[in-house]
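This report refers to the structure that appears directly beneath it.
Letters go in sequence order (proteins before strands), and every chain restarts at 1.
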Amino acid sequence: MKNIEIARIFTEIADIQEFRGYDIFKIRAYRRAALNMEGLARDVATLSHKELLEIPGIGRDLAAKIEEYLDTGSIAVHEQLRQDVPPGMLELLAVPGLGPKTARLLYEKGGIRSLDDLERAASEHRLAGLPKIRSQAEQNILRGLALVKRGRERFPLGRMLPLAHELAEELRKHAALERIEVAGSIRRWKDTVRDIDLVATSTDPAALMAAFVALPQVERPVSHGLTKSTVLVRHGVQVDLRVVGRESFGAALAYLTGAKNHNVRLRDMAVRLGLKINEYGIFTEKGDQRLGGEEEQEIYRILGLPFIEPELREDRGEIEAALAGALPRLVTKADIRGDLHVHSRRSDGSHSLEKLAEAARERGLSYIALTDHSRSLAMARGLTIEQLLEQHREIEAFNRSNPGFTILHGTEMDILGDGRLDFPDDVLRDLDLVIASIHSGFRQPREQITARLVAAMRNPFVSIIGHPTGRLIGEREPYPVDMEEVLRVAQETGTALEINAYPLRLDLNDASARRAGELGVAVAINTDTHVIDNFDALPYGIAVARRGWLEKGNVLNTLGKGELLKRLKGGNRMKRS
DNA sequence: GCCGTTTTCGGCCCGACTGTTTTCAGTCG
């Protein structure tokens with residue numbers, strides 16, 4: 001998909017224009033368009049001119065530039081702008097605390113052309129002579145440079161969410177704390193996260209802030225104020241704490257939850273209604289009368305909108321949907337009845353089926369599917385056909401003596417490197433469900449991998465495609481795959497796609513999940529449990545579905561056991577006739 | 001460059017912290 005490339009070009013246009021001092025509103029338009037391109041589930045190349053214009057932030061001009069890129073492989077305006085700026089200059093904007101104005105100053109007055117120039121000049125104290133730059137500013141630049149070198153990367157949600165709650169718990173012990181919530185992209189359950197945002201109210205803000213910057217987890221305080229402080233904790237993760245008055249908690253929570261463009265849209269709406277929104281509340285235009293702000297819901301209510309769940313707040317059409325009364329009724333944890341992807345110790349899991357069933361029942365589920373690996377995945381001790389039959393008898397025995405809970409018998413069957421499936425049809429026929437997954441040949445070309453998945457979906461016994469892109473966030477890129485084609489064949493064959501809830505997978509991602517919903521392709525939210533604690537990752541998978549605008553009806557494992565089996569034996573297998 | 005129940009022109013979200021500054025610009029979120 002060209003979406004990401006176009007987004008990158010728009011961002012670079014904005015960067016260069018900012019460096020060159022262009023109109024800030026034009027620059028913002030490019031940045032907003034870039035964000036919306038990134039979040040677009042559909043391949044931009046498949047959209048009509050009219051559909052392009054429906055993307056928020058894309059108007060006549062930018063639509064033309066997108067089309068220019070699709071036709072010619074480049075955008076003339078972008079190529080021209082690149083002539084105007086030494087290639088190393090844009091890297092300077094990545095230094096925290098160093099913005100376009102300072103970059104320009106360094107370029108014009110300091111002869112700086114690249115990060116290397118900057119580092120040399122700063123370490124030789126040659127910057128301090130420049131206007132507006134004294135030794136403190138020079139120190140900040142050096143520190144910023146160190147951060148850039150380490151990479152201002154995004155971190156997996158699965159590592160950041162627990163850290164955020166750990167910090168919030170630590171602050172809860174403080175006597176001056178009243179309320180505290182984790183906000184930011186963590187509250188929106190975005191799959192990767194750059195920093196941690198906390199919002200609190202306190203009987204003694206000064207004391208709470210002092211405690212915050214002195215937490216044992218803190219490696220270095222960055223800024224320290226009465227209402228806002230920033231620290232760095234391990235791995236260079238940035239944590240912001242905002243402390244506001246009780247009457248402002250909801251407004252601050254909304255403000256800090258973002259996403260930025262969602263907030264901009266809300267504030268814009270407020271202005272049109274003669275109101276003003278800030279992190280302290282929602283007010284009449286002159287700020288003389290407070291209309292609300294203690295609870296987040298008030299902001300939306302006063303704007304005449306239904307409450308918009310944090311997972312939807314990305315400026316991806318949720319405000320338009322809210323205005324039209326067309327917000328989805330997002331799937332919730334309570335809707336999930338079972339887990340369709342669980343490994344026992346027969347392959348690479350750690351527990352007996354009794355133990356797994358007990359753990360699932362304790363978590364409120366009424367069924368699980370045992371889906372151990374198939375014979376070719378030797379490193380995961382994949383089951384032979386004989387072992388599969390043995391497991392079948394074991395499961396039948398369990399179900400006979402445990403009427404309140406059901407174990408379904410399935411397999412996570414390998415899609416082999418050459419596209420064949422690991423078990424013949426007469427073995428698959430006797431199973432309750434079949435997940436087909438790719439565990440090898442990740443480096444094959446896109447066409448070949450897509451063809452393997454398509455072939456698996458065309459098999460009449462395959463119910464679900466497991467972790468459809470194979471990614472491990474921060475560790476392994478997704479394999480190349482034509483997701484639109486996969487979704488199309490899933491639609492045609494009635495195959496479900498998995499949302500694997502394992503926090504480093506989250507695969508499908510949110511954009512593809514949303515596209516699945518649009519096409520009427522069912523998803524299965526599964527934990528891929530290997531040890532029982534993995535069951536507790538279910539909320540991560542549910543969050544992906546919610547970020548993809550999915551409702552209960554889009555999710556296979558919201559069905560009760562009877563309906564599910566009917567669907568697996570009937571609907572899904574219509575393709576067999 | 002986008003956008004419209006005030007507008008097809010003229011707006012475009014809002015505030016905290018820092019550093020070098022005597023009143024504010026730059027940066028960030």
How would you label the contact of A:I58 with the nucleic acid (heavy atoms, under 4.0 Å): base, sugar-phosphate, or nothing? sugar-phosphate
Test salt bridge (Lys or Arg N to Asp or Glu O under 4.0 Å) applied to A:E166 and A:R159, A:R234, A:R172, the passing residue: A:R234
Mind checking A:L98 for me? I need base, sugar-phosphate or nothing, with any heavy atom below 4.0 Å counting as a touch. sugar-phosphate
Contacts to DNA chain B from residues 295-311 of chain A, heavy-atom cutoff under 4.0 Å, which residues? none
Just how far, in rounded Å, is P of B:dC9 from NZ of A:K26? 19 Å
Quantified in whole Å, what is the C1' atom distance between nucleotide B:dA25 and nucleotide B:dT20? 10 Å
Pick the P atom in B:dC13 and in B:dT18, then give their distance to the nearest Å. 26 Å
If I take atom CD1 in residue A:I66 and atom C1' in nucleotide B:dC2, what distance separates them, rounded to the nearest angstrom? 13 Å
When you measure from the side chain of A:R272, which nucleotide among B:dG29, B:dG4, B:dT21 comes out closest? B:dG4
Atom-pair distance (CG on A:L52; C1' on B:dC2), nearest Å: 15 Å
Distance-only donor-acceptor check, side chains A:Q289 and A:T284, under 3.5 Å: no
Is any side-chain heavy atom of A:L106 closer than 4.5 Å to a side-chain heavy atom of A:L118? yes
For nucleotides B:dA16 and B:dT21, find the distance between their P atoms and express it as a whole number of Å. 24 Å
Taking atom OH as the centre, does A:Y502 end up with more than 12 heavy-atom neighbours from other residues, nucleotides or ligands that are less than 6.0 angstrom away? no
Does the pair A:R546/A:E309 count as a salt bridge with the N-to-O cut at 4.0 Å? yes
Could you check A:A63 against A:D197 and say which one's nearest nucleotide on DNA chain B is further toward the 5' end? A:A63
Stepwise, does the side-chain contact (heavy atoms from CB on, under 4.5 Å) test hold for A:V271 with A:K276? CA-CA 6 Å; A:V271 169; A:K276 184 177 75 164; over 6 Å; no
Taking B:dT6 as the reference, what is the distance to B:dG11 when you measure between their C1' atoms (whole Å, please)? 11 Å
Interatomic distance where CZ belongs to A:R31 and P belongs to B:dC2 [whole Å]: 16 Å
Report the residue from A:L62, A:I4, A:I66, A:I9 that forms a side-chain contact (heavy atoms from CB on, under 4.5 Å) with A:M37. A:I66
If I take atom CD1 in residue A:I196 and atom P in nucleotide B:dG29, what distance separates them, rounded to the nearest angstrom? 14 Å
Nearest-neighbour nucleotide for the A:Q136 side chain, B:dT20, B:dG1, B:dA25 considered: B:dT20
Whole-Å distance between B:dG1 P and A:L35 CG? 18 Å
Is the centre of the A:Y107 ring less than 6.0 Å from the centre of the A:F19 ring? yes
Nearest-Å distance, CG (A:L273) to C1' (B:dG4)? 14 Å
Rounding to an integer number of angstrom, what distance separates B:dC12 and B:dC17 when you compare their P atoms? 25 Å
Among A:E318, A:E314, A:E311, salt bridge (Lys or Arg N to Asp or Glu O under 4.0 Å) partner for A:R188: A:E314
A:K101 side chain, from C-beta outward: closest of B:dG1, B:dG29, B:dG26: B:dG26
Counting the atoms with a prime plus P, OP1 and OP2 as sugar-phosphate, which does A:T102 contact under 4.0 Å by heavy atoms, base, sugar-phosphate, or nothing? sugar-phosphate
Is the shortest heavy-atom distance from the side chain of A:V555 to the side chain of A:D335 under 4.5 Å? no
Using the closest heavy atom to pick a nucleotide of DNA chain B for each, name whichever of A:E138 or A:L62 lands nearer the 5' end. A:L62
Taking only the P atom of each, what is the distance from B:dT8 to B:dC14 in whole angstrom? 22 Å
Identify the nucleotide, in any strand shown, that forms a Watson-Crick or G-U wobble pair with B:dT8, with both distances under 3.5 Å; if there is none, say none. none
Just N and O in the side chain of A:Q238: are any of them under 4.0 Å from OP1 or OP2 of B:dG29? yes
The side-chain hydrogen bond (donor to acceptor under 3.5 Å, both in side chains) partners of A:D197 (sequence neighbours excluded) come to none
Nucleic acid footprint by protein, nucleotides 12-17 of chain B - heavy-atom cut-off 4.0 Å, B for base, S for sugar-phosphate alone: BBBSSS
Measure the distance from CZ on A:R60 to P on B:dT8 and round it to the nearest whole Å. 16 Å
